[in-house]
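Just so it is clear: chains get the letters A, B, ... in the order the sequence lines come, proteins before strands, and each one is counted from 1.
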2 protein chains.
Amino acid sequence: MSADAHDRLMEWVDRIASHLTAVDGLPPITGRVLGWLMVCEPVEQSAGQIAEAIGASRGSMTPNLRQLTGVGFVERINRPGSRTTYYRLVDNAWQAVVEQQVAALRSFRAITAEGIDLLDARSERSRRVRQADHVLQRLQDVLSDVVSTDEAEGGAPAPAHRSTPDSGEQS
Amino acid sequence: MSADAHDRLMEWVDRIASHLTAVDGLPPITGRVLGWLMVCEPVEQSAGQIAEAIGASRGSMTPNLRQLTGVGFVERINRPGSRTTYYRLVDNAWQAVVEQQVAALRSFRAITAEGIDLLDARSERSRRVRQADHVLQRLQDVLSDVVSTDEAEGGAPAPAHRSTPDSGEQS
DNA sequence: TGGTCGTTTCAGTCACTACTGAAACTAAAG
DNA sequence: CTTTAGTTTCAGTAGTGACTGAAACGACCA
């Protein structure tokens with residue numbers, strides 16, 4: 001790979017990390033690890049390799065990789081006869097995120113349900129809570145649906161499918 | 001209202017705030033303001049009233065209410081002939097959140113699209129990025145759908161609907 | 001059983017963000 | 001024009017969380 005291509009790739013990793021930091025409140029390094037694991041070669045990488053690739057200390061790998069494996073984004077691979085443990089993106093990584101969203105929605109709705117029970121059903125403030133609960137329920141339903149249909153189709157998009165997001169495509 | 005009922009309500013507000021803090025990374029007071037505006041009586045509340053209700057300083061109301069109005073969750077009401085400005089939950093508050101999610105998804109997909117262009121289409125790492133893009137696209141689609149169908153039906157749920165989430169679960 | 005490679009733990013540092021409380025500001029009312 | 005109710009600004013503070021670097025640990029190899 002040319003040095004130029006490598007630079008562009010690392011720039012991309014940084015862009016993904018920035019997005020995750022801004023939108024999901026992920027720590028910077030966690031985002032970089034994630035971005036790197038999406039495009040690294042080979043797929044399996046040791047903690048040391050990752051640290052060097054993204055320019056972070058080795059010590060910071062432990063908590064970050066722990067969190068990423070904790071949420072089901074990354075998996076550990078321990079080859080017998082080797083002392084290094086490798087990490088790789090799990091096959092349907094992003095689906096795991098959706099599953100977590102569904103779980104969060106469920107626990108949220110548990111709270112709204114309590115609120116509805118707490119208030120007089122024909123009061124106006126009950127309506128406010130019900131309106132929230134309604135949207136949350138819709139979200140829970142459609143996200144559950146995304147998870148199940150996605151794992152039904154194996155999660156793999158068409159092999160040679162050209163990228164065509166509905167919004168304009170760029171350089 | 002009995003003091004007991006009031007206590008239960010404030011406890012509920014705190015529970016909602018805790019959830020939003022834990023899951024969405026919202027600051028504690030922002031969550032409490034939000035929870036309070038969901039169940040307060042009357043709907044319109046001045047900054048001072050809110051501060052007193054949730055036990056926060058008046059100074060902290062400004063940044064919090066500014067952010068909540070910024071994301072379309074809360075609206076200001078300025079009655080002429082009165083120096084107090086009132087705040088209230090907008091009518092389809094939670095829908096605005098979904099719209100923001102859709103926007104975030106769109107910008108995320110812009111990045112994954114760049115990544116796909118950056119990599120050899122038949123490489124394995126390209127597949128990883130495409131897999132991510134695929135899930136993000138699904139999410140974007142279904143969430144857009146939630147927004148449009150919800151505003152089509154006016155956003156108001158059935159008036160006397162009993163709360164029964166599919167499973168009771170909490171943190 | 002040492003030797004070495006790799007990861008983990010841990011204490012310290014740094015930056016950042018949220019919140020408070022007082023003072024400044026604005027606008028209605030007398 | 002002064003008074004007064006209310007909000008906003010601002011500086012200061014406390015608390016939190018992330019990252020680093022060094023030391024401890026554990027496991028494979030000779």
What contact category does [X] fall into here, base, sugar-phosphate, or nothing, at under 4.0 angstrom with non-hydrogen atoms?
X	result
A:Tyr87	sugar-phosphate
A:Arg76	sugar-phosphate
B:Thr84	sugar-phosphate

Excluding sequence neighbours, so at least two apart, what forms ring pair (Phe, Tyr, Trp, His ring centres under 6.0 Å) with A:Phe73?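 Scan of A:Phe73 (ring pair (Phe, Tyr, Trp, His ring centres under 6.0 Å), adjacent residues dropped) gives A:Trp94.
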May I have the distance from A:Leu65 (atom CG) to C:dG6 (atom C1'), rounded to whole angstrom? 13 Å
Separation of atom CD1 in A:Ile77 from atom P in C:dG6, rounded to whole Å: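 Distance check: A:Ile77 CD1 to C:dG6 P gives 17 Å.
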For a quick test of reading the model, state the closest non-hydrogen atom pair linking A:Ala17 to A:Gly31 and the distance between them. CB-C, 3.6 Å
For A:Leu65 and A:Ala47, which heavy atoms make the closest approach, and how far apart are they? CD1-CB, 4.0 Å
List the atom pairs, donor and acceptor, that lie under 3.5 Å between side-chain atoms in residues 32-40 of chain A and the rest of the protein, sequence neighbours left out.
from: A:Arg32; atom 1: NE; to: A:Asp14; atom 2: OD1; distance (Å): 2.8
from: A:Trp36; atom 1: NE1; to: A:Gln45; atom 2: OE1; distance (Å): 3.0

B:Arg128: what forms a salt bridge (charged side-chain N to carboxylate O under 4.0 Å, His left out) with it, not counting sequence neighbours?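 Counting only residues at least two positions away or on another chain, B:Arg128 forms a salt bridge (charged side-chain N to carboxylate O under 4.0 Å, His left out) with B:Glu124.
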Excluding sequence neighbours, so at least two apart, what forms salt bridge (charged side-chain N to carboxylate O under 4.0 Å, His left out) with A:Glu52? none
Which nucleotides of nucleotides 14-27 of chain D have their base under 4.0 Å from a protein heavy atom (B), which only their sugar-phosphate (S), and which neither (-), written as one string 5' to 3'? ----SSBB------
N/O-N/O pairs, protein side and nucleotides 23-25 of chain C side, under 3.5 Å:
none

Could you list all the salt bridge (Lys or Arg N to Asp or Glu O under 4.0 Å) pairs where at least one residue sits in residues 35-49 of chain A, not counting sequence neighbours?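 Passing the test, one end in residues 35-49 of chain A: A:Glu41-B:Arg125, A:Glu44-A:Arg88.
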Test of understanding: with side chain to side chain donor-acceptor pair (under 3.5 Å), list the residues that count as partners of A:Arg58, not counting sequence neighbours.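 Counting only residues at least two positions away or on another chain, A:Arg58 forms no side chain to side chain donor-acceptor pair (under 3.5 Å).
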With B:Ala104, which residues qualify under side chain to side chain contact (heavy atoms under 4.5 Å, CB included), at least two apart?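 Expected list: A:Val23.
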So, is B:Arg66 close to the D:dT9 phosphate, meaning a side-chain N or O under 4.0 Å from OP1 or OP2?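 For B:Arg66, the contact criterion (side-chain N or O under 4.0 Å from OP1 or OP2 of D:dT9) is met.
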Going by atom type alone, with no hydrogens or angles, which donor-acceptor pairs under 3.5 Å involve a side-chain atom of residues 75-85 of chain A and a protein atom two or more places apart or on another chain?
from: A:Ser82; atom 1: OG; to: A:Thr84; atom 2: N; distance (Å): 3.3
from: A:Thr84; atom 1: OG1; to: A:Tyr86; atom 2: OH; distance (Å): 3.3

Going by heavy atoms closer than 4.0 Å, what residues in residues 34-45 of chain B are next to DNA chain D?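 The answer is none.
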With ring-ring contact (aromatic ring centres under 6.0 Å, His included) as the rule and sequence neighbours excluded, what pairs involving residues 12-33 of chain B come up?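 Passing the test, one end in residues 12-33 of chain B: A:Phe108-B:His19.
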